[in-house]
Q: 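Could you have a look at this structure, given as structure tokens, before my questions?
By convention here, the first residue in the shown sequence is residue 1. Side chains included, hydrogens not; waters and symmetry mates left out as well; all remaining heavy atoms used.
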Amino acid sequence: MTARGTRSGTPAAADTDDDLYVEEALALVREPRDPREHGPDAAAAPGAHGHGGHSAHRHRATPWPQARETAARAARAVTRSGARRAPVPVPLADALGLTLAAPLDALTDLPSFDTSAMDGWAVAGPGPWDVREEGVLAGHAQPEPLTDGEAVRIATGARIPADTTAVLRSEHGRLDVQGRLHPTREVVHGQDIRPRGQECRSGDQLLPVGTLVTPPVLGLAAAAGYDTVTVVPRPRAEVLILGDELLTEGLPHDGLIRDALGPMLPPWLRALGAEVTAVRRLGDDAKALRKAITSSTADLVVTTGGTASGPVDHIHPTLERIGAELLVDGVRVRPGHPMLLARTKENQHLVGLPGNPLAAVSGLLTLAEPLLRTLAAHPAPEPYTVPLAEAAHGHPYDTRLIPVVLRGDTAVPLHYNGPAMLRGIAAADALAVVAPGGAQQGAETELLDLPWATAGIGVCFT
């Protein structure tokens, strides 16, 4: 990712583990630690999708930077176990955005034979030269050798005839009335010839483990003779939409509202590198929720709403019944503080998002993004800061995530940034990470890029 503004912070030291199957790749995958602790313990918030109700208990909400590191650490534990995360061969057409789990070694010399670097003539000896009638084109068999004083028309990429001295570019030669070729500038031995093995020899390592597969990587792999590459598999995610009050079409009516998260979350998860295996609408049904979680084979289950303690907020009771381990139960961030992260199986996690749309986005970027990124063996983006064009109000104790647009070298906070609003984030380039107490105009503020607002691989939604 090409970061804008001033970069700050350094990645945390890598954990070591002998059985890490892509150790070199995952050594890159570290979320920068931030030791800041702010504010008192926070109580659980009311239900986010309209059910209301306050928490029946107080719990220790996790500071925002620590919550992100906890999610990354949970994923690292899965990668160490190796279950369902073994490297897989993937056709080049399906490998974009994945991470190499094996080195990319050249299967052939590149180029595999001496080739012409330009359109022109292959010439032998000093000029002028007699020109053969039939030229040499790319993709044809080895042409006949040249003799001194002889030239032949040649195309870029064509095989060089044996005993060729140089390639004379089309613009650097002229033909006289007898059809003989004369150079218009000095000819240097070997000019405009790409010799066999100039780029690499068979067996050379072209790219190491941990390389992100970008379009140029696909091109290089193909040129080097690959039909498939060995990669870290794409993490699988399943989305469970909760709430009886949600409509899938039409205008809101009679206390019912349109579901904004069902259309938004699957493509966002794909932009974060996940394969979305299912999107299910369960309503406020505890039995259906339990069955959906326990029967899921996804690496990550994402739920929407029901993370507080209202009468139909079923996430906490269900997680307790199935013996899940709560890793994060509330985060000191606004919006979205009732979010949670749980280990539901040895190699499966659940991210519980609040039901309010912008609060859900906060949970997605706080917990789901570092977990998915680490499972995919992608490196953590280096933090960077940009000065604020105007002051940003903060929460007294919690981190606040505010949609911003980038204008020149500054970030402009957007309005319509309440927990239930999407108008701000829909126009945003990034989210500003505003520390407790707020930030003054001109203050250097960390930004979280949105996948489609960068030039990176995350722009792929399919």
Q: Please report the closest heavy-atom contact between Ala67 and Leu367, naming both atoms and the distance.
A: O-CD2, 3.7 Å
Q: Not counting sequence neighbours, which residues clear side-chain hydrogen bond (donor to acceptor under 3.5 Å, both in side chains) with Thr147? List them please.
A: Glu150
Q: Apply side chain to side chain contact (heavy atoms under 4.5 Å, CB included) to Arg407 and list each qualifying residue two or more places apart in sequence or on a separate chain.
A: Val405, Thr410, Val412, Asp429
Q: So which pairs with a foot in residues 416-428 pass salt bridge (Lys or Arg N to Asp or Glu O under 4.0 Å), sequence neighbours left out?
A: none
Q: Show every side chain to side chain donor-acceptor pair (under 3.5 Å) that has at least one partner inside residues 173-182, sequence neighbours left out.
A: Asp130-Arg180, Asp176-His182
Q: Could you pull out all residues at least two apart from Ser170 that satisfy side chain to side chain contact (heavy atoms under 4.5 Å, CB included)?
A: Asp119, Arg153
Q: Taking atom CD as the centre, does Gln142 end up with more than 12 heavy-atom neighbours from other residues, nucleotides or ligands that are less than 6.0 angstrom away?
A: yes
Q: Who pairs with Arg159 by salt bridge (charged side-chain N to carboxylate O under 4.0 Å, His left out), at least two apart in sequence or on another chain?
A: none
Q: Give me the one residue out of Thr385, Val433, Leu406 that meets side-chain contact (heavy atoms from CB on, under 4.5 Å) with Leu447.
A: Leu406
Q: Is Asp409 atom CG crowded by more than 12 heavy atoms from other residues, nucleotides or ligands, each under 6.0 Å away?
A: no
Q: Return the CG to CD1 distance between Leu448 and Ile402, rounded to the nearest 0.5 Å.
A: 12.0 Å
Q: With sequence neighbours left out, write down each residue that passes salt bridge (charged side-chain N to carboxylate O under 4.0 Å, His left out) with Arg258, or none if nothing qualifies.
A: none
Q: Mind checking side chain to side chain contact (heavy atoms under 4.5 Å, CB included) for Pro195 and listing every partner two or more places apart, or none if nothing turns up?
A: Asp114, Gln198
Q: Tell me whether Phe113 at atom CZ has more than 12 heavy atoms from other residues, nucleotides or ligands lying less than 6.0 Å away.
A: yes
Q: Excluding sequence neighbours, so at least two apart, what forms salt bridge (charged side-chain N to carboxylate O under 4.0 Å, His left out) with Arg194?
A: Glu199
Q: Run the side chain to side chain contact (heavy atoms under 4.5 Å, CB included) check on Ile160 and Ser116 step by step: do they pass?
A: CA-CA 6 Å; Ile160 294 292; Ser116 177; 3.9 Å; yes
Q: Show the atom names and distances, to 0.1 Å, of all donor-acceptor pairs under 3.5 Å that link a side chain in residues 101-108 to residues at least two apart or in another chain.
A:
none

Q: Can you list the steps and then say if Val301 with Val351 is a side chain to side chain contact (heavy atoms under 4.5 Å, CB included)?
A: CA-CA 6 Å; Val301 177; Val351 168; over 6 Å; no
Q: Is there a donor-acceptor contact under 3.5 Å from the side chain of Ser296 to the main chain of Ala292?
A: no
Q: Specify the closest pair of heavy atoms between Thr399 and Trp64, including all atoms of both residues, with the distance to one decimal.
A: OG1-CB, 3.7 Å
Q: Rounded to the nearest 0.5 Å, how far does CG of Leu212 lie from CG of Leu96?
A: 8.0 Å
Q: Quick one: CD on Glu275 to CG on Leu269, what's the gap to the nearest 0.5 Å?
A: 12.0 Å
Q: Out of Thr164, Thr165, Val123, which residue meets the side-chain contact (heavy atoms from CB on, under 4.5 Å) rule with Leu146?
A: Thr164
Q: Check salt bridge (charged side-chain N to carboxylate O under 4.0 Å, His left out) between Glu171 and all other residues, then give those that pass, not counting sequence neighbours.
A: none
Q: With sequence neighbours left out, write down each residue that passes side chain to side chain contact (heavy atoms under 4.5 Å, CB included) with Thr344, or none if nothing qualifies.
A: Ile293, Leu319, Ile322, Ala324, Gln348, Leu350
Q: Are any side-chain N or O atoms of Thr277 and backbone N or O atoms of Arg236, one a donor and one an acceptor, separated by less than 3.5 Å?
A: no
Q: Using the side chain to side chain contact (heavy atoms under 4.5 Å, CB included) rule, take Leu371 and Leu341 through it: C-alpha gap first, then chi angles, then the decisive distance, then the call.
A: CA-CA 10 Å; Leu371 189 142; Leu341 170 65; 3.9 Å; yes
Q: Give a yes or no on whether the backbone of Arg76 and the side-chain of Thr79 come within a donor-acceptor separation of less than 3.5 Å.
A: yes
Q: Measure the spacing between OG1 of Thr294 and NZ of Lys345 and express it to the nearest 0.5 Å.
A: 6.5 Å
